[in-house]
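Structure first, commentary second.
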Number of protein chains: 2
Amino acid sequence: MIKRFAIYGILVAVAAISLQLIQYKLLIINNSIELYSGVLALIFTITGIYAGQRLTRKKEVVIEKLVYATPDPVMTSLPIEVDEQLREKLGISKREFEILELMSHGHSNQEIADKLFVSVSTVKTHTSNIFLKLDVKRRTAAVKKAQDLNLIA
Amino acid sequence: MIKRFAIYGILVAVAAISLQLIQYKLLIINNSIELYSGVLALIFTITGIYAGQRLTRKKEVVIEKLVYATPDPVMTSLPIEVDEQLREKLGISKREFEILELMSHGHSNQEIADKLFVSVSTVKTHTSNIFLKLDVKRRTAAVKKAQDLNLIA
DNA sequence: ATACCTTTCATACCAAAGTATGAATTTTGG
DNA sequence: CCAAAATTCATACTTTGGTATGAAAGGTAT
């Protein structure tokens, strides 16, 4: 940081000397204080921008950028196994898990029943069991918890 | 962005007029081109630093976070800004959005009402409007769609 | 074989969610 | 200031979700 200020100091010194030259050239040849002012303004604006950038360059804000990509085959194997382990750990059966996934897609009990070719009663039984095992009282909470646990996507 | 340049343009104009005053004051009273140069340099260095900061403020370091999802044409810039834009595009009000978020956390209408200090009726009205705007029929579907649209986390 | 788990289904009942309608109040933008 | 949008609330009604209970059928491990 000290080094940086030293460099900037040298630059200012060089600029000062340059100014003397520019000053006399412009003032003697053109006798124009306006032109001189303009050049001066331009130079120091640029210098200011440069200095400002240099001195504050490290103040960066880290922002997450979402990159869309299809899942890597190698990566997909891991989550599924974890899902499986966690599912079994929670005592959730495969059928219940199926229903949990359909539930997370926003389907009603009736729609789930139709998709799985079972009665609404069956779906209700499963969902009730899922709620017990996930320790929640509503399907929205079940989906949220399952997502938080990485049980489902 | 255009607005920013306009503001900068006005500042430059004001600076130019100020310069005339400073120029004559200093040159006439002190007859010192060196003092004038110094003031000019200082002003425009500061201006430069300010302008540089302003115009390049958004250059953050972007850390890429992989999200496994199909590319969405709407989702190209920063998530936070898109949330706002998308929300407005869908005509979803700030209050409705609040409720949508609480809904996605698995809360019931009663719980949402308690958190926001409003009646269940109000929450129901909002949720119904949300469903219309998201073109869904259930809260689970609303949450799913909002997540898919990256409207909510 | 039998004890256990999973899956299936029903019936009944209560709670929560969602719709429709209308209206009062507040905020906000021109 | 005024019009439009947002927020609030109520009442009445329908639909869906969730609980409780009981039961039947199929698979499986001891």
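In the text below, chain A, chain B and the rest are named by the order of the sequence lines, each starting its count at 1.
The distance from atom CD1 of Ile99(A) to atom P of dG18(D) is 12 Å, rounded to the nearest whole Å. Atoms CZ (Phe117(B)) and P (dC9(D)) sit 12 Å apart, rounded to a whole Å. Between Asn109(B) atom CG and dT15(D) atom P there is a gap of 19 Å when expressed in whole angstrom units. Distance, Glu98(B) CD to dA6(D) P: 15 Å, rounded to whole Å. The separation between Lys94(B) atom NZ and dT8(D) atom P is 14 Å, rounded to whole Å. If you measure from atom CG of Leu100(A) to atom P of dG18(D), you get 12 Å, rounded to the nearest angstrom. If you take CG of Leu116(B) and P of dT7(D), they are 11 Å apart, rounded to a whole angstrom. Between the P atom of dT8(D) and the CD1 atom of Ile112(B) lies a distance of 13 Å, rounded to the nearest Å.
The structure places OG of Ser104(B) at 6.5 Å from CD of Gln147(B), a figure rounded to the nearest 0.5 Å. Here the CZ atom belonging to Arg95(A) is positioned 6.0 Å from the NE2 atom belonging to His126(A), to the nearest 0.5 angstrom.
A salt bridge does not link Lys137(B) with Glu111(A): every distance from a Lys NZ or Arg NE/NH1/NH2 to an Asp or Glu carboxylate oxygen is 4.0 Å or more.
Donor-acceptor pairing under 3.5 Å is recorded for the side chains of Thr122(A) and Ser119(A).
Considering only heavy atoms from C-beta on, Lys145(A) comes within 4.5 Å of Asp135(A) through its side chain. Looking at heavy atoms from C-beta onward, Val118(B) lies out of side-chain contact with Ile112(B) at the 4.5 angstrom threshold.
Residue Ser119(B) is in sugar-phosphate contact alone, with no base atom involved, counting any heavy-atom pair closer than 4.0 Å across all strands shown. At the heavy-atom level, Ser108(A) lies under 4.0 Å from the strands shown only through sugar-phosphate atoms. Across all strands, Thr122(A) comes closer than 4.0 Å to base atoms (heavy-atom distances).
With a heavy-atom cut-off of 4.0 Å to chain B, the contacted part of DNA chain C has its first and last nucleotide at dA17(C) to dT19(C).
Contacts of residues 124-134 of chain B with DNA chain C (heavy atom under 4.0 Å): Lys124(B), Ser128(B), Phe131(B).
Taking 4.0 angstrom as the limit, Arg138(A) places none of its side-chain polar atoms (N or O) nearer than this to OP1 or OP2 of dG17(D).
Thr127(B) places a side-chain N or O within 3.5 Å of a backbone atom of Lys124(B) that can act as its donor or acceptor partner.
Each of Thr140(B) and Val118(B) has a nearest nucleotide on DNA chain D; the 5'-most of these lies closest to Val118(B). Nearer to the 5' terminus of DNA chain D, by closest-nucleotide assignment, is the contact made by Gly91(B) (compared with the other of Val120(B) and Gly91(B)).
Remark: Lys133(A) engages Ile92(A), Glu96(A) in a side-chain contact (heavy atoms from CB on, under 4.5 Å) (not counting sequence neighbours).
Under the 4.5 Å side-chain heavy-atom criterion for grouping Ile, Leu, Val, Met, Phe, Trp and Tyr, Leu116(B) is connected to Ile130(B) within one hydrophobic cluster.
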